[in-house]
Amino acid sequence: MPRTPEAESFFHAVYSAVQEIPPGKVTTYGHIAKLVGTPQRPRQVGVCLKHLPVPSADEATTPSPRFHHDNVPWQRVINAKGIISPRSQPSGARNQAAALEAEGVAVTTGALGELMVNFAEYGWFPRLLPSEVAAGAVLSSDEDEGEESE
DNA sequence: AGGTTGACCACCG
DNA sequence: GCGGTGGCCAACC
């Protein structure tokens, strides 16, 4: 859990943004960082997910946190190389891969055992969060899709 | 109270 | 295209 109010709001923003990734899609830490207005801190996005609280260890005694492991689709965030971050133990990445496959995302295994997802097929990279668009943010009509066709 | 680590990334050689 | 570097900042020694 964050120690300072700013950190808490940052965590909050990150979790909200991650919740907007559609099922069956993936994005990157860096993109989430951009979406929340701090493009230079992809690293802290990873920190946020790492510290994602468990749903409710004891629902009766513990105040259920607004964001937790079960309502924030952390598995839909991977690194900019299209690889599921191995972080420290491969088991974690395997677990994440399984969660993605469960929602229809194809995960391929590289020569070195890296678990990869094809951005061309599953990538989700909006300029603005859907919720912000709904809130009235106006985007210029000069949209342009720079989709790299693999 | 100071130093290191890390679910990262863009940039340069 | 790969390896090193700098920036970022919360968590953890």
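No experiment lies behind these values; they were computed from the predicted model shown. In what follows, chains carry the letters A, B, and so on, assigned in the order in which the sequence lines appear, proteins first and then strands, with residues in each chain numbered from 1.
Proximity of A:T28 to the phosphate of B:dC8: no side-chain N or O atom is located under 4.0 Å from OP1 or OP2.
To the nearest angstrom, P of B:dA7 lies 15 Å from NE2 of A:H69. Remark: P of B:dC9 and NZ of A:K81 are 7 Å apart, rounded to the nearest angstrom. Going from atom NE2 of A:H51 over to atom P of B:dG6 covers 12 Å, rounded to whole Å. Counting to the nearest Å, the P atom of C:dC9 and the CG atom of A:L49 are 18 Å from each other. Rounded to whole angstrom, the span from the CD atom of A:E8 across to the C1' atom of C:dC9 amounts to 16 Å. For the pair A:F11 CZ and C:dC9 P, the interatomic distance rounds to 13 Å; values are reported in whole Å. Here the C1' atom of nucleotide B:dC8 and the NZ atom of A:K50 are 12 Å apart, to the nearest Å. Between A:L52 atom CG and C:dA10 atom P the separation is 18 Å, expressed in whole Å.
Across residues 36-48 of chain A, A:Q40, A:R41, A:R43, A:Q44 each have a non-hydrogen atom less than 4.0 Å from an atom of DNA chain C (numbered order). Residues of residues 93-117 of chain A that place a heavy atom closer than 4.0 Å to DNA chain C do not occur.
Residues meeting the side-chain contact (heavy atoms from CB on, under 4.5 Å) test with A:A13, sequence neighbours left out: A:V36. For A:A98, the side-chain contact (heavy atoms from CB on, under 4.5 Å) test picks out no residue, with sequence neighbours left out. Judged as a side chain to side chain donor-acceptor pair (under 3.5 Å), and not counting sequence neighbours, A:R87 has no contacts. Residues meeting the side-chain contact (heavy atoms from CB on, under 4.5 Å) test with A:S9, sequence neighbours left out: none. A:D70 is linked by a side chain to side chain donor-acceptor pair (under 3.5 Å) to nothing, counting only residues two or more places apart in sequence or in another chain.
Judged by distance alone, the side chain of A:T27 and the main-chain N or O of A:W124 form a donor-acceptor pair under 3.5 Å.
Every pair tested for salt bridge (Lys or Arg N to Asp or Glu O under 4.0 Å) that includes a residue from residues 21-31 of chain A fails, sequence neighbours excluded, so the list is empty. Sorted by first and then second residue, the side-chain hydrogen bond (donor to acceptor under 3.5 Å, both in side chains) pairs with a member in residues 29-46 of chain A form an empty list; sequence neighbours excluded. Applying the side-chain hydrogen bond (donor to acceptor under 3.5 Å, both in side chains) test to every pair with at least one member in residues 95-114 of chain A, sequence neighbours left out, gives these pairs: A:Q75-A:E103, A:R76-A:E103.
Within the hydrophobic cluster formed by Ile, Leu, Val, Met, Phe, Trp and Tyr side chains joined at under 4.5 Å, directly or through other members, A:M116 is accompanied by A:I83.
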Measure all distances between protein nitrogen or oxygen atoms and nitrogen or oxygen atoms of nucleotides 10-13 of chain B, and list the pairs falling under 3.5 Å.
none

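Ring centroids of A:F67 and A:F11 are separated by 6.0 Å or more, keeping the two rings apart.
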